[in-house]
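Indexing begins at 1, ligand by ligand and atom by atom, following the structure's order.
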Amino acid sequence: MASAEFGTVFFDEITLANFDGEKWSDTRFGPSDHLPLHPASHVLHYASTCFEGMKAFRAADGAVCVFRIDDHIKRMQNSAASLYLPVPDAVQLKAMILDLLKKYKAQVPAFPGSAYIRPTLIGTDPSIGRAAAPTSTALLYVLISPVGDYFSADATMRVLLDTENQRCAPHFGSVKSGGNYASALGLIQKAKEKYNTAQVIFAPNGDVQETGAANCLLISDTELLTKPLNSEFLPGITRDSLLKVAAKLGYQVTERNISANELIEWIKTGEVALSGTAAVLAPVGEIVYQDQTHTVNQGKEAVNSKRLRKYLNDIQQGIEEDTFNWITKI
Ligand code: PLP
Ligand code: COI
């Protein structure tokens, strides 16, 4: 399992529900390798789609712990509303996730593996004429992939700090929609070719925001620092969790804007790490900025990032007490 590329292996089935323009259908199970779609489907032309990414972990007692399911569902509802897609019913979507997980519970891998849960909503109106109008019909489905680590805790990633470009349209950054990822793809790929970087920290006009698939946290022995939420970047649920965990562990937690120059100054003595459901909290080792490579924290081990990552992982697996009420156990 751990050897397969992240997100390429799936439970045999997905759960699905359709919106017919007026109401949601009952949920059904279907095969996970086949999705019949009209070639004119709205999503295929005008990107009327949003998705979520959450994880379920196996606890020592064999139970499966889903992490912050209600918060992920809420964010999906917000994304759907922003795209004028039919908003999924929270109770139905939660059951679509839990019923699928229950059926395939035996396939949830042990830590550091997990089940990566991908609820997806797509516009299905068979109309290529509706370029400037929302879809009225939609399909909601839940796909689950048993996964290993996306980035290991020991990875020392090389990233580009890009002050010239932005990841996506600024009014749409907080929406978890496929188009935002498409918009960043070329920039990340060009950075890889030019600088051999794995990720790009987007900092348009020097404002440090996020990478293509994770939020950006500055961490020291005493402090956790990150940008306050706005419409321009994704309100990461891992980010929010780590802010709360850090405060609990006695770090001073500060949300304020951070300039690119300040980030470069910070890494002389501090850590930088990328937070996300897939990434968890992945330390950055080198930052390329204005054609120069800067080593983070003199190449020292990212001890604070690792400590926060472990504490979060321990809550997720039911080792550390769930004082925040983040776990749904099945
Ligand atoms: N930013 C982007 C662009 C992402 O794709 C993700 C991953 O989901 C995140 C941030 C982190 O969000 P979360 O912690 O909710 O997974
Ligand atoms: C997530 O962390 O859920 C993401 O969306 C990132 C993706 C690259 C798997």
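Hydrophobic clustering, with ILVMFWY side chains joined whenever heavy atoms are under 4.5 angstrom apart, groups L242 together with F67. Both I97 and F19 are assigned to one and the same hydrophobic cluster, defined by single-linkage of ILVMFWY side chains at heavy-atom distances under 4.5 Å.
When each atom of ligand 1 is checked for a heavy atom of T211 under 4.0 Å away, the hits are 3 (C). For ligand 2, the atoms sitting less than 4.0 Å from at least one non-hydrogen atom of Y150 are 8 (C), numbered in the order shown with element in parentheses. Close contacts between ligand 1 and R167 involve ligand atoms 3 (C) [criterion: under 4.0 Å to a heavy atom]. Near S275, meaning under 4.0 Å from one of its heavy atoms, ligand 1 places the atoms 11 (C). In the vicinity of T277, heavy-atom distances shorter than 4.0 Å reach the ligand 2 atoms 2 (O), 3 (O). Near N215, with a cut-off below 4.0 Å to any heavy atom, the atoms of ligand 1 are 10 (C), 11 (C). Of all the atoms in ligand 1, the ones that sit under 4.0 Å from a non-hydrogen atom of G276 are 11 (C), 14 (O), 16 (O).
For the residue pair D125/T137, the side-chain donor-acceptor check at 3.5 Å is satisfied. If you check the side chains of T328 and K94, you find no donor sitting under 3.5 Å from an acceptor.
Among all protein heavy atoms, the one lying closest to atom 5 (O) of ligand 1 is Y181 OH, 2.4 Å. The shortest contact between atom 6 (C) of ligand 1 and any protein heavy atom is with A213 O, 3.3 Å. Among protein heavy atoms, the minimum distance from atom 1 (N) of ligand 1 is reached at E210 OE1, 2.6 Å. Protein heavy atom nearest atom 8 (O) of ligand 1, with residue, atom name and distance: K176 NZ, 2.7 Å. The nearest heavy-atom contact from the protein to atom 13 (P) of ligand 1 is I237 N, 3.5 Å. Looking from atom 12 (O) of ligand 1 to the surrounding protein, the closest heavy atom is G236 CA, 3.4 Å. In terms of protein heavy atoms, atom 2 (O) of ligand 2 is closest to A278 N, 2.9 Å. At the shortest separation from atom 16 (O) of ligand 1 among protein heavy atoms lies T277 OG1, 2.6 Å. Considering only non-hydrogen protein atoms, atom 14 (O) of ligand 1 sits nearest to T238 OG1, 2.6 Å.
Contacts of F233 with ligand 1, taken as heavy-atom pairs under 4.0 Å, are absent altogether. If you look at A278 next to ligand 1, there are no close heavy atoms at all, none under 4.0 Å.
Aromatic ring pairs are classed by plane angle as parallel below 30°, tilted from 30° to 60° and perpendicular above 60°; the pair Y181 and F51 is tilted. Ring planes of Y289 and H294: tilted class, angle from 30 to 60°. The aromatic rings of F57 and F111 sit tilted, their planes meeting at an angle between 30° and 60°.
With L225 as the partner, the side-chain contact (heavy atoms from CB on, under 4.5 Å) test is satisfied by one option alone out of T254, V208, L217: T254. When each of T293, T197, N196 is paired with R158, the side-chain hydrogen bond (donor to acceptor under 3.5 Å, both in side chains) condition holds for T293 and for no other.
Between E271 and K306 no salt bridge is recorded (no basic side-chain N to carboxylate O distance below 4.0 Å). A salt bridge links E262 to R256: one of the charged nitrogens lies within less than 4.0 Å of a carboxylate oxygen. Salt bridge annotation for K74-D240: absent, with no cationic side-chain nitrogen under 4.0 angstrom from a carboxylate oxygen.
Where the criterion is an N or O separation shorter than 3.5 Å, residue side chain and backbone included, Y116 meets it with respect to ligand 2. Polar contact with ligand 2: absent for A279 (N/O pair, distance under 3.5 Å).
At least one heavy atom of K176 sits under 4.0 Å from some atom of ligand 2. Residue R75 places a heavy atom under 4.0 Å from ligand 1.
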side-chain contact (heavy atoms from CB on, under 4.5 Å) between T238 and L281, intermediate numbers included = CA-CA 8 Å; T238 317; L281 186 61; 6.0 Å; no
